[in-house]
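Heads up: the structure comes next, in structure tokens.
Basis for what follows: all heavy atoms, side chains included, without hydrogens, waters or symmetry-related copies.
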Amino acid sequence: MAAQASGDVAKVRLATSAGDIVLELYADKAPKSVENFLQYVRDKHYDGTVFHRVIDGFMIQGGGFTADLQQKPTRAPIPLEANNGLKNDRGTIAMARTPNPNSATAQFFINLVNNNALNAPSPDGHGYAVFGKVTSGMDVVEKIKGVAVGNQGPHQNVPKTPVTILKATLEK
């Protein structure tokens with residue numbers, strides 16, 4: 001990953017029930033994704049959401065559901081920025097989406113491994129937009145990936161004990 005100019009990097013701290021994760025976001029490479037994520041942080045959308053999908057050897061996903069798996073309302077979707085040169089490598093954060101490439105809203109995932117199959121144009125001709133990486137707290141991400149998971153309603157790979165984002169804050 002190319003070095004980033006300090007002026008283009010925002011940092012966000014996710015204080016979770018498993019510990020803190022600090023993210024570095026690359027507005028120069030994924031401006032719409034970063035601004036979208038930062039707006040959700042400013043709106044306190046992520047506070048009280050859980051990592052609702054945990055797949056060891058793949059990724060941990062969060063940002064959209066409360067502990068009882070109620071989906072939080074979101075703003076309009078953003079356009080896909082998967083062709084920005086950033087790869088879905090271990091420790092990077094990317095926007096989750098439906099099969100519609102331009103459907104990302106609040107949900108995101110942190111890659112647990114180098115997920116080359118998610119890089120544009122894979123897996124569906126579009127890819128998944130990376131917009132930052134974990135700079136501190138990969139040990140917390142590792143702890144989250146090891147939690148016991150099961151099915152809950154229509155959801156699969158849900159932690160049996162919720163892993164909650166207590167607070168998401170912009171760091172200076």
Side-chain angles (χ1 to χ4, degrees), residues 1-2 4-5 7-14 16 21-55 57-66 69-135 141 144-145 152-158 163 165 168-170:
M1 189 177 299
Q4 303 292 324
D8 295 323
V9 178
K11 287 189 183 277
V12 169
R13 178 176 302 272
L14 300 178
T16 81
I21 301 168
V22 177
L23 306 166
E24 189 172 86
L25 309 179
Y26 304 129
D28 61 330
K29 298 278 191 183
K32 291 176 177 68
S33 299
V34 169
E35 182 48 41
N36 176 68
F37 186 81
L38 290 175
Q39 189 59 53
Y40 281 112
V41 169
R42 288 190 288 268
D43 292 345
K44 302 191 181 325
H45 173 90
Y46 294 124
D47 300 5
T49 61
V50 294
F51 285 96
H52 66 277
R53 192 165 165 237
V54 173
I55 304 174
F58 184 43
M59 56 93 219
I60 63 172
Q61 183 173 335
F65 292 89
T66 59
L69 293 186
Q70 294 301 305
Q71 191 158 7
K72 291 185 79 170
T74 61
R75 293 189 317 277
I78 60 168
L80 182 68
E81 295 180 304
N83 287 310
N84 61 19
L86 300 174
K87 303 294 184 204
N88 280 278
D89 288 343
R90 174 179 156 74
T92 58
I93 182 170
M95 293 306 299
R97 61 174 176 78
T98 69
N100 173 350
N102 298 304
S103 63
T105 56
Q107 291 185 41
F108 61 86
F109 60 92
I110 298 173
N111 288 291
L112 296 172
V113 297
N114 290 353
N115 283 314
N116 296 329
L118 300 182
N119 294 331
S122 296
D124 57 2
H126 303 287
Y128 287 79
V130 172
F131 64 97
K133 71 175 181 181
V134 175
T135 57
V141 172
I144 295 169
K145 84 167 188 190
Q152 195 171 332
H155 305 280
Q156 299 175 318
N157 306 297
V158 178
V163 179
I165 297 171
T169 52
L170 188 59

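Ser103 places a side-chain N or O within donor-acceptor distance of the main-chain N or O of Thr98, the cut-off being under 3.5 Å. Looking at Asn88, its side chain never comes within 3.5 Å of a backbone N or O of Ala117 through a donor-acceptor pair. Judged by distance alone, the side chain of His45 and the main-chain N or O of Gly63 form a donor-acceptor pair under 3.5 Å. No donor-acceptor distance shorter than 3.5 angstrom exists from the side chain of Asn36 to the backbone of Ala106, with no hydrogens or angles considered. Of the possible donor and acceptor atoms, one in the side chain of Asn102 sits under 3.5 Å from a partner among the backbone N and O of Leu80. Side chain of Tyr26 to main chain of Lys133: no donor-acceptor pair is present (N/O by atom type, distance under 3.5 Å, no hydrogens or angles).
Once rounded to the nearest 0.5 Å, the distance linking CG of Leu118 with OG1 of Thr92 reads 9.0 Å. Going from atom CZ of Phe65 over to atom CZ of Arg53 covers 10.5 Å, rounded to the nearest 0.5 Å. Expressed to the nearest 0.5 Å, how far CG of Leu14 lies from CD1 of Ile110 amounts to 6.5 Å. The line from CG of Leu25 to OG1 of Thr135 is 9.0 Å long, rounded to the nearest 0.5 Å. The distance from the CG atom of Asp89 to the CG atom of Asn114 is 4.0 Å, given to the nearest 0.5 Å. Summarising the geometry, atom CD1 belonging to Ile60 is positioned 11.5 Å from atom CZ belonging to Phe109; distances are rounded to the nearest 0.5 Å.
Phe131 approaches Ala30 most closely through the heavy-atom pair CB-CB, 3.7 Å. Tyr40 approaches Thr74 most closely through the heavy-atom pair OH-CB, 3.3 Å. For the pair Thr105 and Arg75, the tightest heavy-atom approach, listed with the atom from each and the gap, is CG2-O, 3.5 Å. Between Lys29 and Leu86, the closest heavy-atom pair is CB-CD1, 3.7 Å. The heavy-atom pair separating Leu38 from Ala10 by the smallest distance is CD1-CB, 4.1 Å. Across all non-hydrogen atoms, the minimal contact from Lys11 to Leu170 is O-CD1, 3.3 Å.
By the 4.0 Å N-to-carboxylate-O rule, Asp124 lies close enough to Arg97 to be salt-bridged with it.
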Between Leu23 and Phe37, does a side chain to side chain contact (heavy atoms under 4.5 Å, CB included) hold up when you go through it step by step?
CA-CA 11 Å; Leu23 306 166; Phe37 186 81; 3.9 Å; yes
Trace of the side-chain hydrogen bond (donor to acceptor under 3.5 Å, both in side chains) decision for Glu81 with Ser33:
CA-CA 7 Å; Glu81 295 180 304; Ser33 299; 2.8 Å; yes
Could you walk me through whether His52 and Gln152 pass side-chain hydrogen bond (donor to acceptor under 3.5 Å, both in side chains), step by step?
CA-CA 10 Å; His52 66 277; Gln152 195 171 332; over 6 Å; no
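Put simply, the side chain of Thr66 reaches to within 4.5 Å of the side chain of Lys72, judged on heavy atoms. By the 4.5 Å heavy-atom criterion applied to side chains, Asn115 and Tyr128 are not counted as neighbours. Within the 4.5 Å cutoff, side-chain heavy atoms of Ile21 are placed close to those of Ile144. Using a 4.5 Å heavy-atom threshold, the side chains of Met95 and Lys32 count as separate. No side-chain heavy atom of Val50 sits less than 4.5 Å from a side-chain heavy atom of Ile165.
Other residues, nucleotides and ligands place more than 12 heavy atoms under 6.0 Å from the CD atom of Gln39.
Aromatic pair Tyr46/Phe108: centroids less than 6.0 angstrom apart.
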